[in-house]
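Please read the structure below before turning to the comments.
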Amino acid sequence: MKEYDQLLKAARNIRTLKGIISLLHWDQETYMPSGSNGIRSEQIELLSGIMHREHTGKTFSNTLGKLVDLKSGKPLVKGLNKAELKEFYRDYKLATALPVSFVEEFARLTSESALAWQEARKKDDFQLFLPHLEKIIAMCKKKADLIGYKNHPYDALLDEYEPGMTTKEVANEFSSLKKSIVSLLKKIQGSKQVNDSFLKGNFSEKKQMEFAEILLKGIEFDKTKGRLDLSTHPFSSSTHPSDSRITSRIHKNEFMSHIRSVMHECGHSFYEMGLPEDKYGSPLGDAISLGIHESQSRFWETRIGLSKPFWKHFLPQLKEHFKLNNVTLDSFYKAINKVSPSFIRVEADEVTYPLHVILRFELETELINGKLKVKDIPEAWNGKMQELLGITPPNNTLGCLQDIHWSLGSFGYFPTYTLGNMYAAHLFTAFEKAFPKWEEKLAKGEIHFIHEWLTENIHRHGKAYTGKELLKNITGKPFSADAYNKYLSDKYKSIYGF
Ligand code: MG
């Protein structure tokens with residue numbers, strides 16, 4: 001059909017522009033000379049503007065308008081993929097919901113705020129960030145109104161990152177998770193503590209990158225379609241299934257943070273590499289949501305990369321590479337899974353990490369519905385840290401000023417981190433059923449069967465299903481926190497022996 005072909009062509013151009021922008025960002029974070037910042041912002045701004053105009057202009061809306069009713073989203077023609085049209089319409093609605101003047105003001109405000117946040121964090125002075133954050137939250141409320149919502153203004157913000165998920169559903173799952181993790185943490189703290197001192201030492205960047213190469217090969221990362229580099233904060237970005245970039249960072253006094261980052265970002269990359277190439281540009285060639293994306297990264301980072309069979313295979317190579325003597329598989333496995341409450345989210349272990357996210361989710365929803373005033377954030381933050389983790393940050397740099405997200409206006413983003421863990425656990429129940437002997441296979445270094453399962457069940461579908469549909473299709477059960485609760489409690493019971 002002529003209109004459909006036109007729509008696909010336009011969407012492919014938009015996707016390609018998006019890819020070029022992400023490549024510019026990747027370069028900025030990895031190799032770009034520091035003096036080039038000014039022109040790089042100009043380049044990104046120009047391309048973003050072109051992309052936005054392509055997406056919201058008359059040509060695009062006229063073409064889409066021949067296939068779906070632009071008011072209601074109802075398909076106007078038969079024989080086309082309904083999920084694909086629905087997603088085309090959703091993207092279009094989101095892109096056109098906000099007036100250009102709003103988008104520009106938001107961009108200006110957040111770029112200033114990011115600088116103010118950096119300064120505030122450096123000086124441990126929340127007051128420097130306060131007026132900016134007040135404006136950002138006011139604009140986020142306005143954004144929610146412009147996009148529209150049924151129950152909670154936060155629904156509109158969350159939906160941008162996790163389509164179809166509501167504030168109420170997240171609150172329910174998080175409250176069940178919170179209860180079980182807080183009680184699990186108490187049991188862990190009442191048990192004999194794990195020794196992880198042998199993970200610390202002096203491990204050069206070169207040595208750590210060499211080991212990452214061993215890992216990349218071992219987990220079948222296709223280097224003809226992707227590459228690993230270093231940046232301040234680890235991330236992954238992809239322009240096409242044939243071009244994925246991942247980054248990691250290295251602390252010279254330990255190697256696990258680098259290994260975890262590599263496994264994590266590879267998981268994101270595998271998803272992008274597994275998307276159907278023939279659907280590139282269409283929503284059917286795109287990832288479902290941030291939460292489902294994160295489920296793939298957590299699958300590789302935690303379910304595979306922090307498992308005992310994985311290290312049964314890789315520990316001998318690691319010991320030889322870093323000259324670690326007298327480390328047994330059992331003590332290594334316990335050490336890399338050590339639980340200890342700490343102030344910084346990105347450094348948190350698997351058990352306490354969700355508590356950091358739940359804290360942010362609870363504060364965000366209250367900030368957006370006006371129950372919590374911005375000036376009261378530090379007190380509320382510290383109170384919740386004490387309630388959930390039993391520790392109080394000595395200052396705001398180690399507390400409410402630690403994350404960049406709020407300064408960028410990314411309200412609604414945090415929950416996807418923990419949803420990703422929960423989705424991964426939910427999906428894992430089906431994986432275990434498909435491969436009851438997965439641990440034996442993994443311990444022998446077999447990896448390919450994992451890729452096949454993830455690609456077949458998740459990656460190749462793009463956005464043909466919503467997150468909820470996908471989770472139910474694969475496991476036969478609607479999504480809930482149950483699988484994740486069980487996984488955490490079984491695993492840590494055996495590690496801490498209670
Ligand atoms: Mg991630």
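As the structure lists them, so they are numbered: ligands from 1, and atoms in each ligand from 1. Heavy atoms only: backbone and side chains are in, while hydrogens, waters and symmetry mates are out.
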Take Thr167 and Tyr149 through the side-chain contact (heavy atoms from CB on, under 4.5 Å) test and state the conclusion after the steps. CA-CA 11 Å; Thr167 310; Tyr149 57 87; over 6 Å; no

Quick check for you: within a radius under 2.8 Å, how many protein N, O or S atoms neighbour the Mg ion (ligand 1)?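 Considering protein N, O and S only, the Mg ion (ligand 1) has 3 within range.
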
Face-on cation placement of Arg345 at Phe414 ring, 6.0 Å and 45° thresholds: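 Checked: cation-pi criterion not met.
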
Qualifying residues under side chain to side chain donor-acceptor pair (under 3.5 Å), relative to Ser494, sequence neighbours excluded: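 Ser494 satisfies side chain to side chain donor-acceptor pair (under 3.5 Å) with no residue once adjacent residues are dropped.
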
Side chain to side chain donor-acceptor pair (under 3.5 Å) partners for Gln208, two or more places apart: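 Counting only residues at least two positions away or on another chain, Gln208 forms no side chain to side chain donor-acceptor pair (under 3.5 Å).
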
What residues, two or more places apart in sequence or in another chain, satisfy side chain to side chain contact (heavy atoms under 4.5 Å, CB included) together with Ser176?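 With sequence neighbours excluded, Ser176 shows a side chain to side chain contact (heavy atoms under 4.5 Å, CB included) to Ala481, Asn485, given in chain and number order.
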
Going by distance alone, is a donor N or O of one side chain under 3.5 Å from an acceptor N or O of the other, for Tyr487 and Glu350?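 Note: Tyr487 and Glu350 side chains meet the donor-acceptor criterion.
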
